[in-house]
Protein chains: 2
Amino acid sequence: MKIGELAQLARCTVETVRYYEKAGLLAMPERNAANYRHYGAGHVERLRFIRNCRALDMTHEEIRALLGLMDTPAAACGEVNQLLDAHIGHVDARIQELTELRVQLTDVRRQCQSEQSVAACGILQGLVQMDAGEKNGRHTHLG
Amino acid sequence: MKIGELAQLARCTVETVRYYEKAGLLAMPERNAANYRHYGAGHVERLRFIRNCRALDMTHEEIRALLGLMDTPAAACGEVNQLLDAHIGHVDARIQELTELRVQLTDVRRQCQSEQSVAACGILQGLVQMDAGEKNGRHTHLG
DNA sequence: TGCACACCCTGAAGTGACTACAGGGTCAAG
DNA sequence: CTTGACCCTGTAGTCACTTCAGGGTGTGCA
C-alpha cells in the first residue's frame with residue numbers, strides 16, 4: 001500500500017509517517033518505479049504500535065527502547081515491565097503536579113468574585129504576590 | 001540592579017530574562033555605559049508576575065493578555081476572570097486525559113506479571129492490538 | 001489529446017518556551 | 001596584570017511534529 005493508506009490505517013498524517021521514518025522509528029520501505037513508498041502488513045503493525053505508545057504519551061526514546069526489545073524476541077521482558085512502570089510513574093507525577101496547580105489556581109481565582117476595575121482585582125494582586133516556591137522543576141517529560 | 005540579581009529575585013536564569021525581553025513580555029530596560037541592562041522595582045514585580053503565571057502553566061499568550069489588561073487599570077476585571085476560568089478548564093481537561101491514560105497504562109501493564117520472553121509478553125501484544133480511538137487530539141496546551 | 005485533481009516526493013522552516021553554546025566585552029579583587 | 005565572575009549578542013538545539021514551497025505521478029473525463 002502507499003503512504004496515504006498506511007497513514008489512514010494508523011490514524012495519523014502522511015507527514016507523521018515520513019517523520020517517523022526520518023526519526024528512525026519506522027523502517028524505510030521499498031520504493032516503486034515512481035519513487036513512491038510501498039508498505040506491507042509489518043509496517044502497519046509497527047506504526048500502530050508507535051501510535052498507541054504515543055497515545056499513552058511515551059517519548060520517542062521510550063518507544064525506540066520498546067521497539068529494540070521487541071526485535072530481540074528471546075530476551076526476558078523484565079525491561080519492558082520496568083519501562084512501563086517508569087512511564088506510569090511519569091504520568092502519576094504529572095497528575096500530582098497538575099492537581100497542586102489546580103488548587104493554586106482556584107485559590108487565586110477566589111480572590112475576585114465581583115466585577116470591579118482591574119486595578120483593584122484580587123486575582124492580579126495575587127499573581128504578583130504569590131510565591132511559586134522552588135519546587136517547580138518539571139519532573140516528567142509530560143508537559 | 002543588573003540582570004543576574006533580577007533573575008535571582010525571580011528564581012529564573014538570565015537567559016530566560018533576556019528571552020522574555022525578546023518575546024515582548026518584559027519591557028526593555030535602560031542600559032549603562034557598558035551596555036549592561038539596568039532594572040528597577042517595576043521590572044522585578046513584572047517578572048515575578050510572569051514567573052508565577054508560568055508556574056501555573058499559562059502560555060505566553062495568556063500572560064500577554066493578562067499583562068495587557070493590567071496596563072489598562074480602569075477596565076473591568078471580568079476578562080481576567082474569564083481568562084483564569086478558561087485556564088482552570090485547561091488544567092482540568094489535562095488531568096482528565098492523564099487519568100484516562102493511567103487506566104489504559106495499568107490495563108496494559110497487568111498483561112505481564114511474570115518474567116518471560118519478549119515474544120510472549122502480553123504488554124507488547126497489548127500495545128500492538130490496542131485501539132487508541134480517534135479522540136486523541138490534544139485539547140489543551142498542557143502537554 | 002488535454003487537463004483537472006488527488007496523490008506522491010524532498011527539503012526547509014515554523015511551533016513554544018526555553019537551554020546551551022561560541023566568541024567576545026567589563027569590572028573588581030588580589 | 002591577571003584571574004574570575006559577571007555581562008553582551010547571535011545562533012543552534014530541544015521535542016514531536018506541522019506547514020509550506022516547489023515540484024513529479026497517475027487517473028478520470030470531455
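Scope of the values below: all heavy atoms of this structure, side chains included, with no hydrogens, waters or symmetry mates.
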Nearest-nucleotide 5' precedence on DNA chain C, Glu61(B) against Gly4(A)
Gly4(A)
Can you tell whether the side chains of Arg37(B) and Glu21(B) come within less than 4.0 Å, N to carboxylate O?
yes
Among dA17(C), dC7(D), dT18(D), which nucleotide sits nearest the side chain of Val14(B)?
dC7(D)
How many whole angstroms separate atom OH of Tyr19(B) from atom P of dG13(D)?
17 Å
Between dC8(C), dT19(C), dA16(D), spot the one nearest the side chain of Thr13(B), thanks.
dT19(C)
Does any N or O in the side chain of Gln104(B) come within less than 3.5 Å of the main-chain N or O of Leu101(B), such that one atom is a donor and the other an acceptor?
no
Residues within residues 31-39 of chain B bordering DNA chain C, heavy-atom distance below 4.0 Å:
Ala34(B), Tyr36(B)
Rounded to the Å, how far apart are Leu26(A) CG and dA16(D) P?
16 Å
Euclidean distance, atom CD of residue Glu21(B) to atom P of dC8(D) [Å, nearest integer]
9 Å
Any Arg54(B) side-chain nitrogen or oxygen under 4.0 Å from OP1 or OP2 of dG16(C)
no
If you pin Glu5(B) and Thr16(A) to their nearest nucleotides in DNA chain D, which one's is more 5'?
Glu5(B)
Given dA17(C), is OP1 or OP2 found less than 4.0 Å from the side-chain N or O atoms of Tyr20(B)?
no
Between dA16(D) atom C1' and Asp57(A) atom CG, what is the distance in whole Å?
11 Å
Assess, by modelled atom type and distance only, whether the side chains of Gln96(B) and Glu100(B) contain a donor and an acceptor separated by less than 3.5 Å.
yes
Rounded interatomic separation in angstrom, taking CE from Met28(A) and C1' from dC9(C)
13 Å
What integer distance in Å separates Ile3(B):CD1 from dC27(C):P?
16 Å
Do the charged groups of Arg46(A) and Asp71(A) touch, with an N to O distance under 4.0 Å?
yes
Tyr20(B)-Arg51(B) side chain donor-acceptor pair, cut-off 3.5 Å:
yes
Quick note, His60(B) side chain, CB onward, closest among dC18(C), dC7(D), dC9(C) is dC18(C)
Please report the distance, rounded to the nearest Å, between CE in Met58(B) and P in dG16(C).
18 Å
Give Lys22(B) one of three labels, base, sugar-phosphate or nothing, depending on what nucleic acid heavy atoms sit under 4.0 Å from its own.
base
Write down the distance between CD1 (Ile50(A)) and C1' (dC15(D)), rounded to a whole number of angstrom.
16 Å
Flag yes if more than 12 heavy atoms outside Gln8(A) fall under 6.0 Å of its CD atom; otherwise flag no.
no
So, Arg64(B) and Glu61(B), do they make that salt bridge, N to O below 4.0 Å?
no
Considering only heavy side-chain atoms of Arg18(B), the closest of dT10(C), dC8(D), dT18(D) is dC8(D)
